[in-house]
Peer 1: 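The structure that follows is given in the form of C-alpha cells.
Excluded from the calculations below are hydrogen atoms, water molecules and symmetry mates; all remaining heavy atoms, backbone and side chain alike, are included. Source: prediction; values computed, not measured.
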Amino acid sequence: MLFGSTVRGAAVLAVALAGFAVSCDAEPAAPRTSSASTASSDGGTDAGAPGASDANPSASSPTSAQTALPTRPELVRDAFAGLQATLDDSCTPGNCAYFLGRVVDELHRLDRAMKADPKGPGHFPEPIARIAKLDAELGGDRSTPNLEKHKALLISTRDTINTWMQGHPDDYR
C-alpha cells in the first residue's frame with residue numbers, strides 16, 4: 001500500500017507544479033497580447049481602446065512608454081568617427097562593394113548629424129554641399145556597379161570632408 005500512495009502523491013505533486021508553471025507563464029504573455037490587440041493598422045497603439053486583458057485601461061503599457069521616448073540626434077563627433085574608420089580600408093577584390101557602400105553610409109550618417117546639430121546646417125556648409133554633389137552624381141543609384149563607377153568621387157568626397165573636419169576640431173571633440 002505504501003507504493004500506491006507514493007505514486008499517487010507524486011502524481012498530485014506533478015499536477016500542482018504544472019498548474020503553477022502555467023500560471024507563471026501566462027502573466028508575462030498578457031501584456032504582449034494586450035498591446036498586440038490594441039495595435040492600429042499604421043503600427044501605432046490605440047490608447048483609447050483597452051484590450052480584453054487590460055486591468056487598468058488608463059495605465060500605459062510598457063511598449064507604448066518605450067516608443068514615446070524622444071530620440072536624440074546623433075552627435076557630429078560620433079558620425080565623423082564612423083567616417084574616419086573608413087580611412088584605413090580600401091577597395092580590394094571581394095571587399096569593394098562593402099567598402100564603397102560603407103563610405104556612402106558613413107557620409108550620409110555625418111550629413112544627418114550635421115543637419116541636426118544645434119549649431120545648424122549652416123555651420124557645416126562645405127561637407128553638406130560635397131555630400132549633396134555626390135548624391136547628385138550617384139543619381140540615387142547605390143548599386144555596386146554605380147558606386148565603382150563613381151569610386152574616385154566617393155573617395156575624394158570622404159577625404160575632402162575629413163580634411164575639412166580636421167580644420168574644425170571644435171566640431172568633433
Side-chain angles (χ1 to χ4, degrees), residues 25 28-51 53 60-173:
D25 287 344
R32 280 185 260 139
T33 304
S34 170
S35 64
S37 67
T38 60
S40 64
S41 62
D42 63 356
T45 54
D46 185 4
S53 63
S60 65
S61 69
T63 308
S64 65
Q66 291 171 352
T67 58
L69 296 175
T71 57
R72 291 187 353 203
E74 184 171 24
L75 298 175
V76 171
R77 69 172 184 187
D78 296 339
F80 181 52
L83 183 66
Q84 284 186 306
T86 68
L87 292 173
D88 292 332
D89 209 353
S90 62
C91 195
T92 58
N95 188 38
C96 199
Y98 167 78
F99 168 70
L100 294 176
R102 181 165 177 220
V103 171
V104 170
D105 289 345
E106 294 297 344
L107 285 168
H108 285 99
R109 181 178 161 206
L110 182 60
D111 186 56
R112 286 189 304 273
M114 288 176 170
K115 289 176 179 175
D117 191 82
K119 296 174 188 172
H123 187 74
F124 305 97
E126 188 174 335
I128 291 173
R130 292 263 180 190
I131 294 168
K133 179 182 175 189
L134 174 66
D135 285 344
E137 288 290 324
L138 292 176
D141 181 2
R142 293 189 51 175
S143 67
T144 300
N146 194 46
L147 294 180
E148 287 175 348
K149 175 182 169 187
H150 293 94
K151 181 173 92 171
L153 177 62
L154 188 57
I155 302 303
S156 166
T157 301
R158 179 200 64 185
D159 293 348
T160 301
I161 290 173
N162 180 55
T163 301
W164 189 90
M165 289 296 292
Q166 294 293 335
H168 298 81
D170 292 341
D171 293 327
Y172 66 90
R173 289 193 178 147

Peer 1: Indicate yes or no: at least one non-hydrogen side-chain atom of Cys96 is less than 4.5 angstrom from one of Glu148.
Peer 2: yes

Peer 1: Any non-hydrogen side-chain atom of Val76 less than 4.5 Å from a side-chain atom of Lys119?
Peer 2: no

Peer 1: Measure the shortest side-chain to side-chain distance between Val103 and Leu147 over non-hydrogen atoms and say whether it is less than 4.5 angstrom.
Peer 2: no

Peer 1: Any side-chain heavy atom of Arg158 within less than 4.5 Å of one from Ile155?
Peer 2: yes

Peer 1: Using a 4.5 Å cut-off on heavy atoms from C-beta on, say whether the side chain of Asp117 contacts that of Leu75.
Peer 2: no

Peer 1: Within this structure, what is the CG-NE2 distance for the pair Leu83 and His108, rounded to the nearest 0.5 Å?
Peer 2: 12.0 Å

Peer 1: Side-chain contact, heavy-atom cut-off 4.5 Å: Lys149 with Asn146?
Peer 2: yes

Peer 1: Looking at CD1 of Ile128 and CZ of Arg112, how far apart are the two atoms once the value is rounded to the nearest 0.5 Å?
Peer 2: 12.5 Å

Peer 1: About how many Å separate OG of Ser156 and NZ of Lys151, when rounded to the nearest 0.5 Å?
Peer 2: 13.0 Å

Peer 1: Before you tell me yes or no, could you show the steps for Asp89 and Asn95 under side-chain contact (heavy atoms from CB on, under 4.5 Å), namely the whole-Å CA-CA distance, both residues' side-chain angles and the distance that decides it to 0.1 Å?
Peer 2: CA-CA 9 Å; Asp89 209 353; Asn95 188 38; 3.3 Å; yes

Peer 1: Salt bridge or not for Glu106 and Arg109, using N-O below 4.0 Å?
Peer 2: yes

Peer 1: Kindly compute the distance separating NE2 (His123) from NE2 (His168), expressed to the nearest 0.5 Å.
Peer 2: 6.5 Å

Peer 1: Please tell me if the side chains of Glu126 and Ile161 come closer than 4.5 Å, counting only heavy atoms from C-beta onward.
Peer 2: no

Peer 1: Ala97 and Thr144: which non-hydrogen atoms are nearest, and at how many Å?
Peer 2: CB-OG1, 3.5 Å

Peer 1: Between Leu110 and Phe80, which heavy-atom pair has the shortest distance, and what is it?
Peer 2: CD1-N, 3.8 Å

Peer 1: Take Leu154 and Leu107, measure what side-chain contact (heavy atoms from CB on, under 4.5 Å) needs, and give me the verdict at the end.
Peer 2: CA-CA 9 Å; Leu154 188 57; Leu107 285 168; 3.9 Å; yes

Peer 1: I need the minimum non-hydrogen distance between Arg142 and Gly101, along with the two atoms involved.
Peer 2: NH2-O, 3.7 Å

Peer 1: Where the side chain of Thr160 meets the backbone of Thr157, is there a donor-acceptor pair that is under 3.5 Å apart?
Peer 2: no

Peer 1: For Thr86 and Phe99, work out which heavy atoms get closest and say how close.
Peer 2: O-CE1, 3.6 Å

